[in-house]
Structure formats: structure tokens, C-alpha cells
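Read through the structure below, which is laid out as C-alpha cells, and then see the notes.
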Number of protein chains: 2
Amino acid sequence: MTEPTGRRERKKAATRQKIADTALRLFLERGYEAVGIRDVAAEADVAVTTLFAHFASKEALVFERDDDFEQRLTRAVTDRPPREPLLPALRLEIHALVRHCTADGAAPIWRMIEESPALREYEESMRLRHANTLATAIAADPGLPQSPTACRTIARFVIDAYSLAREATDPGSAVDEIFEMIEAAWEAASPSPRAR
Amino acid sequence: MTEPTGRRERKKAATRQKIADTALRLFLERGYEAVGIRDVAAEADVAVTTLFAHFASKEALVFERDDDFEQRLTRAVTDRPPREPLLPALRLEIHALVRHCTADGAAPIWRMIEESPALREYEESMRLRHANTLATAIAADPGLPQSPTACRTIARFVIDAYSLAREATDPGSAVDEIFEMIEAAWEAASPSPRAR
DNA sequence: TCCGAAATGCTAACCGTTAGTGTTACGGTC
DNA sequence: GACCGTAACACTAACGGTTAGCATTTCGGA
């Protein structure tokens, strides 16, 4: 339980970061498909096996920070003040995440992702994981009376909003447009909808 | 344009079918990961390159009939009588598709899919393709005044319904529950929602 | 100080997939 | 009915991501 960040952990983190940085640089310089794992390992001055000890796959090198994404989403649910409605909090978070992805600096990275089928497929599978995590967080909220199916559904819809808005010509307003639809779906899933 | 099914086309279709049947049998007998492409090709008595001339990847061997899925969905949209509302037609189709996947005979196949990350990832990416196709079909309907973003969103939601319902304990009622939410979302996306 | 474990390295392979190059069998044409 | 273009198929060899097996170094804690 002692975590004063010993040298070993620092070195490990440094190695991981060096691999990720090197990989991203090479990918952007020469293109994702044109760079091999052996290239990345050589340039980062580590063994191929070491690279795979830090990253589960070549694609994972690109989505190095996806843990953040997951955490931000679940925290938007769990860290919101009591009695605060769920969806506005999620809408704000999705707005921020979309803005982050569509910022100018991130453009080359996302273009690279769109151009590579392998990266696209990996991201889709990542989103499903995020949706499941989010669904668990929503279902765990005692203030929400919706059914498990409704929770899973809304989680899926929220992740869809992130994905769809990023592709839209005006991402910001797309988030709002889609969230209007999600709000309606959420209300329709409230218990005893006929009693309103 | 002459299509009296010449010998050549018949032989090609037979080869394709033999490969698919052999692959599915081996996968179910020994497990998806335990069977190599070279095994399938040898057992089907074709060259590996021939196998890949018929199927784009190992995973595609399992989802051999996914064209049907796409066609059934788009036809549910385009072939419905004029002025018939969109979502009930889609609900019926999703009901049928879910029933088809959760039938007893299909159980081993879907268990195999759930147990293989590669197959799961492939199916997710397939679903996104289906959602895009469906979105195009919906957006092409002149009787629907919704925005492009709303059409893409609803298409995504409908595919989500299929995916979520299959995992539910009672798939049939899950389809209905999710479609209630989708109907509400669709109405919220109708033009001038403030005028109601 | 020393031991165990974690991190890293090296080699060699496995497996899906593709390029390159022939060969065969069929369909349409004269 | 012979002929030619081409679609289908085969064979070989490789490429690239990924992993197993095993040796080595390096650190943390006892």
C-alpha cells in the first residue's frame, strides 16, 4: 500500500510513455499502416515483447488514454450532486469530450483513425466497453427508478451521441439535437409512463 | 445480364457454401480459435487463397449471411406502404430478427461468438455498417421530415435495440421496452417540437 | 545484505492475410 | 465446332501482429 512512486514504477511509466510517444510520432509521420510494431519498438529502443507488455495491441498504442474517457463518463454520473438530473450532466460531459476530439490539434490523429479500418474497428469495440461501464454506473444510482434494460439503453444512446456528433458538420449543435431525443427516450422509460 | 445460372456460377456458389459449411462445422466442433484458416481450407479441399477469394476474413466465415440482415432492415423501411409510420415497421422487423437469433438452434453459434473477442469485435463493426445503411434508407424517405442527424441517430438506436434485446433475459419484451424509448426520441426529433 | 518479483530482452515461432504467378474450366463469339 | 478472354482456383513465399519460452537485469522489502 506504500505508493511513494518508487523508481521502478517511475521507470515503467516512462517506458510506457516513451513507447506511446514514439508510436504516435511515427504513425503521424509515415501513416499507421506503414509503420510496423518492430519499427516502433526499435525507435523507442525496447524489445517487441516489452512493447506488448505495456500495450495489448498495435491499436491500443493510438488510444493510449481511453481510460480517461471511461472515468470522465462514469464520474459525470457518480460525482454529480444528489437529486441533480442525470442527462444534463452527461450532456455537458459529452459536449466537453466532443470539443476535445474536434479541436484543431487533434485533427491529424482523428483523420488517421478514420482512414484505418483497424483503428475504426478498435474504437467501435472500445465504445461498447464504455457503454457497458456507463450502464453499470447509471444502474447503480439509487435515485433512478428506471429498469436495467432502460439503463443499458440510455448508456448506449449517450455513447452514440458522442460518436454521431463527432461526425456531424456542427458537432456542438448535434450533441444538443441528439440529447433532446435521449431526454425524451429517458422520460418514456420512467416507471408508469401512462400515469403522467 | 443472362442469368440462367451457368455451370460456372453454380460451381462458384457451391465452393463458397462448402467453405462456409466446413468452417462452421469445424468451429463448432473444436472452437473458433482452435481452428486455423489452413485447417478450414484443407478440410474444404480448397487453397487458402481461394478461401480468401470468397471471404474477406476468418470472421466473415461465421457471419456468412449478414447481407440478409442488412437487406431485411432496409426493406422494412423502403417496402412499407405509403404513409405507414416508420418505427412500427422497424419494430416488427427487429422482433423477427431477434427471435431468429435467439432460437434454440442458433444458440451454439451465438455462444461461440460471445466467447471470441475477435468475433465480437467483428460483429460490432458490422452493426455500425448496418446502422449507416439503415440511416441512408431512412433519410431517403421523402415522407419523413426529420433532420439528417436525427435519421442517423434513430438508425443507430434501432440497431442498438437489436443488440441490447439479444442480451436481455426476455428479448421479446426488451425489444418493446426499447422501442417505446425510440418512439419518444423520434417524436422529439420531429420538426418544430416546441409547437406541440 | 540478500531474496523474490517485476521489468525487460532475445529468439523463434504461430497465424491471418496477401502478392505474385501459373493453370484450368467455362461462356460467349465467330 | 473451334477459339479466345476471363473468371475461378492453386501453389509458393512472404509479411506483419502477436505470443511462448527462457535468460537477464533491476528494484523493493525483509
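Labels below follow one simple rule: chain letters A, B, ... track the order of the sequence lines, proteins then strands, and each chain is numbered from 1. These numbers were taken from a predicted model, which means no experiment stands behind them.
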### Query
NA contact type, B:Asp39, heavy-atom cut-off 4.0 Å: base, sugar-phosphate, or nothing?
nothing
### Query
To the nearest angstrom, how far is B:Lys18 atom NZ from D:dA8 atom P?
18 Å
### Task
For A:Val35, answer base if it contacts any base atom (sugar-phosphate contacts may also be present), sugar-phosphate if it contacts only those atoms, and nothing otherwise; contact means non-hydrogen atoms under 4.0 Å.
sugar-phosphate
### Task
Kindly point out which of D:dA10, D:dG17, C:dG9 is positioned nearest to the side chain of A:Ala47?
C:dG9
### Query
Is it true that B:Arg91 and B:Asp176 have a side-chain N and a carboxylate O under 4.0 angstrom from each other?
yes
### Short N-O contact, A:Glu70 and A:Arg129, less than 4.0 angstrom
yes
### Query
Between the base of C:dG27 and the side chain of B:Arg7, is there any donor-acceptor pair under 3.5 Å?
no
### Query
In whole angstroms, how far is the C1' atom of C:dT17 from the CZ atom of B:Phe52?
5 Å
### Message
Expected output is a numbered-order residue list: members of residues 111-129 of chain A with a heavy atom under 4.0 Å from any atom of DNA chain C. What is it?
### Response
none
### Message
Strictly below 4.0 Å, N to O, side chains only: are B:Glu115 and B:Arg120 in salt-bridge contact?
### Response
no
### Query
What does the inter-axis angle of the helix from C:dT1-D:dA30 to C:dC30-D:dG1 come out as, five pairs per end, nearest 10 degrees?
20°
### Query
Which part of the nucleic acid does B:Val46 contact within heavy-atom distance under 4.0 Å: base, sugar-phosphate only, or nothing?
sugar-phosphate
### Query
For B:Tyr122 and B:Ala60, which heavy atoms make the closest approach, and how far apart are they?
OH-CB, 3.5 Å
### Message
With a cut-off of less than 4.0 Å, is there a side-chain N or O of B:His54 near OP1 or OP2 of D:dA8?
### Response
no
### Query
When the ring centroid of A:Phe69 is compared with that of A:Tyr162, is the distance short of 6.0 Å?
yes
### Task
Please state how far atom CD1 in B:Ile19 lies from atom P in D:dA10, giving the value in whole angstrom units.
8 Å
### Task
Check whether any side-chain N or O of A:Lys12 sits under 4.0 Å from OP1 or OP2 of C:dA6, and answer yes or no.
no
### Message
Looking at every heavy atom in both B:Ala155 and B:Ala131, which two are closest together, and how far apart are they?
### Response
CB-O, 3.4 Å
### Task
Would you mind reading off the distance between B:Glu33 atom CD and C:dC14 atom P, rounded to a whole angstrom?
18 Å
### Query
Expressed in angstrom and rounded to an integer, what is the separation of B:Lys11 atom NZ from C:dC26 atom C1'?
8 Å
### Query
Is any side-chain N or O of A:Thr49 under 3.5 Å from a base N or O of C:dC10, one able to act as donor and the other as acceptor?
yes
### Query
Charged N to carboxylate O under 4.0 angstrom, B:Arg65 versus B:Asp68?
yes
### Message
Rounding to an integer number of Å, can you tell me how far B:Lys58 NZ sits from C:dC14 P?
### Response
15 Å
### Query
Does B:Thr50 make a side-chain N or O approach to OP1 or OP2 of D:dA8 shorter than 4.0 Å?
no
### NZ or CZ of A:Lys58 within 45° of A:Tyr32 ring axis and under 6.0 Å
yes
### Summary
Whole-Å distance, B:Phe55 CZ to C:dT17 P, equals 13 Å
### Message
Using a strict threshold of under 4.0 Å (side-chain N to carboxylate O), is an ion pair present between A:Glu43 and A:Arg25?
### Response
yes
### Query
What nucleotide among C:dG9, D:dA14, D:dT6 has an atom nearest to a side-chain atom of B:Arg8?
D:dT6
### Task
Identify which nucleotide among D:dT18, C:dG16, D:dA8 has an atom closest to any side-chain atom of B:Ile37, counting heavy atoms from C-beta outward.
C:dG16
### Query
Counting side-chain heavy atoms from CB outward, which of D:dT18, D:dC9, C:dG16 is closest to A:Ser57?
D:dT18
### Task
From the options D:dG17, C:dT18, D:dC9, select the nucleotide whose nearest atom is closest to the side chain of A:Arg38.
D:dG17
### Message
Under a plain distance cut-off of 3.5 Å, with no hydrogens placed, do A:Asp170 and A:Ser173 share a side-chain donor-acceptor pair?
### Response
yes
### SB check A:Glu123 A:Arg166 (cutoff 4.0 Å)
yes
### Summary
Result for 5'-nearest mapping on DNA chain C, choosing between B:Glu59 and A:Thr15, is A:Thr15
### Message
Please report the distance, rounded to the nearest Å, between CG in A:Leu51 and P in C:dA7.
### Response
15 Å
